[in-house]
Engineer: 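Structure below; questions to follow.
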Amino acid sequence: MLTGKLLLVIDGPAVLAHTPTLLSGLRSAGRFRVTVAATRSAEMFLPLLALSALSGAPAKAYSELTEDDLRQADVILLAPVSEHFLAELTSSDAWARLTDNGRRHVLVAPARLEAESDETMVPDGALLLSEDNAVLALGAMGAVAVASPEACVEAVCTALTPQDFAGQTVLLTAGPTIEDADPARFVSNRSTGRMGAALAKVAARRGAKVIFVHGPMSWPTPQAPTIRAIAVRSAEEMCNAVLAEVPKATIAILCAAVADYMPVAYSHEKIKKGTDATFALLLKRTPDILATVGALEKKPFLVGFAAETQNLTDNATAKLRKKNCDMLCANDITEPGCGFAVPTNRLTILFADGRREDLPLLAKEEVAARVLDIVKREISGQWTMDVSGL
Ligand code: C5P
């Protein structure tokens, strides 16, 4: 669980739509102590009492911030702040005290009214959060573009996480694939993409660039400036995307539940039901993406997944060898709390040299963190750790 002290500076009418979601997102993302400092214009929309209730600590007027408040904060987040406030702040002495020679993380999410210029200034010594520029509707006041509360929460988490995957590019596959039979029917499976999404989120937080090739997910695709999502539908599309991206990757973790079979032929017309009681759809094998990557002459550190229902170790060991993985994460999907559409997983990790490691039943994000710890350990010595973000 992430911990840290956060000073949240808020300004302007955008607080109405942004701040409650941001504070509730921070509450579920970690154990943060949040002090909210509201400018006069923020206070007009959300009084200090409401801000105290939402943050769980006494909120302050921005004008009453003390040197102590600044000194104690591990992260200072200015979100949302109007461009006018930001321009005044960055041209004053207060800015130097806030950024404190870059020792502290200062994250800034300017809120831009529709009528304002779209050239956002990049303040010295701060990280600008504008990646997703979510549009917030403010009723009669119009709309503002600002980094979404989710993007702000993610940026805080990243700022408080050691960047031990900086310099790595992680290629991930996730979710199911869908193999169309006709305009109405398809062959697929019950994967939601949640394990892959957790891996993408944790890897990005730890400083990796993530290429996230995913089938149609029923779990939200993780958002972060360093996650590049590539949406595909079928196994063939996923295979093409992976082969195009894999030369950039230093690590590939292929955890998609790729459909093993696809219809031999796609019918452009909806297949009519006949009078027979049975119907056979002829299927053929899809490309095995993991095995294809495993057979590449120059392959990244390769991690596969295996969902088994019997003889877990034997089946998974055979897969590891056949697909030439460096590491294979196996789980028994019949075990309670494991597999599809559940928040937890219990993995047995097998290595190419015959070693084996059993992880306990953990939340999928925790599983993702442990898998990445193990990947890091296995390839340590092959990379140099970038500690500049610490
Ligand atoms: O053979 P099996 O499907 O059990 O292997 C599972 C592993 O292989 C997973 O890592 C999965 O992402 C990968 N896989 C693949 N392409 C396929 C089938 C599985 O990449 N067509």
Side-chain angles (χ1 to χ4, degrees), residues 164-165 168 170-176 189-191 193-200 202-203 206 208 213 235 238-239 242 246 249-260 285-340 342 344-383:
D164 59 348
F165 272 69
Q168 301 294 329
V170 180
L171 172 63
L172 276 162
T173 65
N189 59 63
R190 293 176 51 207
S191 166
R194 189 167 178 173
M195 189 63 237
L199 280 160
V202 176
R206 289 168 68 162
V213 180
M238 185 173 274
C239 191
V242 165
V246 76
T250 52
I251 299 161
I253 307 179
L254 305 194
C255 68
V258 183
D260 290 322
R285 288 296 303 268
T286 53
D288 190 319
I289 307 165
L290 184 57
T292 309
V293 174
L296 291 176
E297 202 177 313
K298 202 168 165 290
K299 70 177 176 75
F301 184 84
L302 185 60
V303 183
F305 268 69
E308 303 293 344
T309 55
Q310 55 190 333
N311 303 333
L312 182 117
T313 312
D314 291 349
N315 286 340
T317 307
K319 251 171 227 180
L320 172 98
R321 302 237 161 85
K322 191 167 142 234
K323 305 193 189 205
N324 198 22
C325 302
D326 295 295
M327 188 171 135
L328 192 109
C329 307
N331 62 343
D332 181 342
I333 53 171
T334 59
E335 202 183 294
C338 285
F340 298 134
V342 289
T344 51
N345 209 353
R346 196 179 71 75
L347 295 182
T348 294
I349 301 190
L350 304 168
F351 301 92
D353 60 8
R355 278 172 302 135
R356 164 198 177 125
E357 224 164 292
D358 291 292
L359 296 185
L361 185 72
L362 297 165
K364 280 182 176 166
E365 277 195 19
E366 189 57 36
V367 174
R370 299 285 280 270
V371 167
L372 291 174
D373 286 345
I374 294 171
V375 168
K376 180 179 152 188
R377 185 194 67 205
E378 292 297 304
I379 63 177
S380 63
Q382 295 173 29
W383 68 11

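The figures here come from the full heavy-atom set of this structure, side chains too, leaving out hydrogens, waters and symmetry mates. This structure is a prediction, so every number in the text was calculated from the model and none was measured.
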Engineer: Restricting to non-hydrogen atoms, name the atom on Val258 and the atom on Ala235 that form the minimum distance, rounded to 0.1 Å.
Structural biologist: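 Heavy atoms only, the tightest pair is CG1-CB, 3.5 Å.
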Engineer: Hey, are the side chains of Phe305 and Ile253 touching, using non-hydrogen atoms and a 4.5 Å cut-off?
Structural biologist: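 Contact flag for Phe305/Ile253 side chains = yes.
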Engineer: For the atom pair CD (Glu378) and CD1 (Ile251), what is the distance rounded to the nearest 0.5 Å?
Structural biologist: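 Rounded to the nearest 0.5 Å, the CD-CD1 separation comes out at 11.5 Å.
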Engineer: Can you tell me how far the SG atom of Cys325 sits from the CG atom of Leu350, to the nearest 0.5 Å?
Structural biologist: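 Spacing of SG (Cys325) from CG (Leu350) equals 10.0 Å.
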Engineer: Which pair of heavy atoms, one from Leu290 and one from Gly304, lies closest together, and at what distance?
Structural biologist: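 Closest pair (atom of Leu290, atom of Gly304, distance): CD2-CA, 3.7 Å.
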Engineer: Any chance you could measure Ile333, atom CD1, to Gln310, atom CD, to the nearest 0.5 Å?
Structural biologist: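 The distance works out to 10.5 Å.
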Engineer: Sequence neighbours excluded, which residues qualify as salt bridge (charged side-chain N to carboxylate O under 4.0 Å, His left out) partners of Asp288?
Structural biologist: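 Expected list: Lys323.
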Engineer: Counting N and O atoms only, with roles assigned by atom type, does the side chain of Asn345 sit under 3.5 Å from a partner on the main chain of Leu347, one being a donor and the other an acceptor?
Structural biologist: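 Looks like no, no N/O pair under 3.5 Å.
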Engineer: Which heavy-atom pair separates Cys255 from Gly196 by the least distance, and what is that distance?
Structural biologist: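 Shortest heavy-atom separation between Cys255 and Gly196 comes out as SG-CA, 3.5 Å.
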Engineer: Any side-chain heavy atom of Leu359 sitting closer than 4.5 Å to one from Ile374?
Structural biologist: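 SC-SC contact between Leu359 and Ile374 confirmed.
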Engineer: So which heavy atom on Ala203 is nearest to which on Phe165, and how close?
Structural biologist: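 Looking at all heavy atoms of both residues, the shortest contact is O-CB, 4.4 Å.
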Engineer: Quick one: CG on Leu312 to CG on Asn331, what's the gap to the nearest 0.5 Å?
Structural biologist: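 It is 7.5 Å, given to the nearest 0.5 Å.
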Engineer: Would you check if the side chain of Thr286 reaches a backbone N or O of Ala259 as a donor-acceptor pair within less than 3.5 Å?
Structural biologist: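 It does hold such a pair.
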Engineer: Mind jotting down which residue pairs meet the side chain to side chain donor-acceptor pair (under 3.5 Å) criterion with at least one end in residues 290-299? Sequence neighbours excluded, please.
Structural biologist: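 Applying side chain to side chain donor-acceptor pair (under 3.5 Å) to every pair that reaches into residues 290-299, excluding sequence neighbours, yields Lys299-Asp326.
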Engineer: How close do Gly337 and Thr344 get, heavy atom to heavy atom, and via which atoms?
Structural biologist: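 Looking at all heavy atoms of both residues, the closest pair is O-OG1, 2.7 Å.
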Engineer: Which residues pass the side-chain contact (heavy atoms from CB on, under 4.5 Å) test with Pro360, not counting sequence neighbours?
Structural biologist: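 Once residues adjacent in sequence are excluded, the partners of Pro360 under the side-chain contact (heavy atoms from CB on, under 4.5 Å) criterion are Leu362, Arg370.
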Engineer: Run the side-chain contact (heavy atoms from CB on, under 4.5 Å) test against Ala252 and tell me which residues pass, sequence neighbours left out.
Structural biologist: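 Per chain and number, Ala252 pairs via side-chain contact (heavy atoms from CB on, under 4.5 Å) with Leu171, Leu254, Pro300, Leu302.
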Engineer: Going from CZ on Phe301 to CE on Met327, what distance comes out if it is rounded to the nearest 0.5 angstrom?
Structural biologist: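 Taking CZ in Phe301 and CE in Met327, the distance rounds to 5.5 Å.
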Engineer: My understanding is that only residues two or more places apart in sequence, or in another chain, count here; which of them pass side-chain contact (heavy atoms from CB on, under 4.5 Å) with Asn189?
Structural biologist: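 Asn189 satisfies side-chain contact (heavy atoms from CB on, under 4.5 Å) with Pro176, Ser191, Ala257 only.
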Engineer: State which residues pass salt bridge (charged side-chain N to carboxylate O under 4.0 Å, His left out) with Asp314; sequence neighbours excluded, sorted by chain then number.
Structural biologist: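 For Asp314, no residue satisfies salt bridge (charged side-chain N to carboxylate O under 4.0 Å, His left out) once neighbours in sequence are set aside.
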Engineer: I need the Arg346 CZ to Asp358 CG distance, nearest 0.5 Å.
Structural biologist: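 One gets 6.0 Å once the value is rounded to the nearest 0.5 Å.
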Engineer: Which atom names give the shortest non-hydrogen contact between Pro336 and Leu361, and what distance separates them?
Structural biologist: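 Scanning both residues completely, I find the closest heavy atoms to be O-CD1, 4.4 Å.
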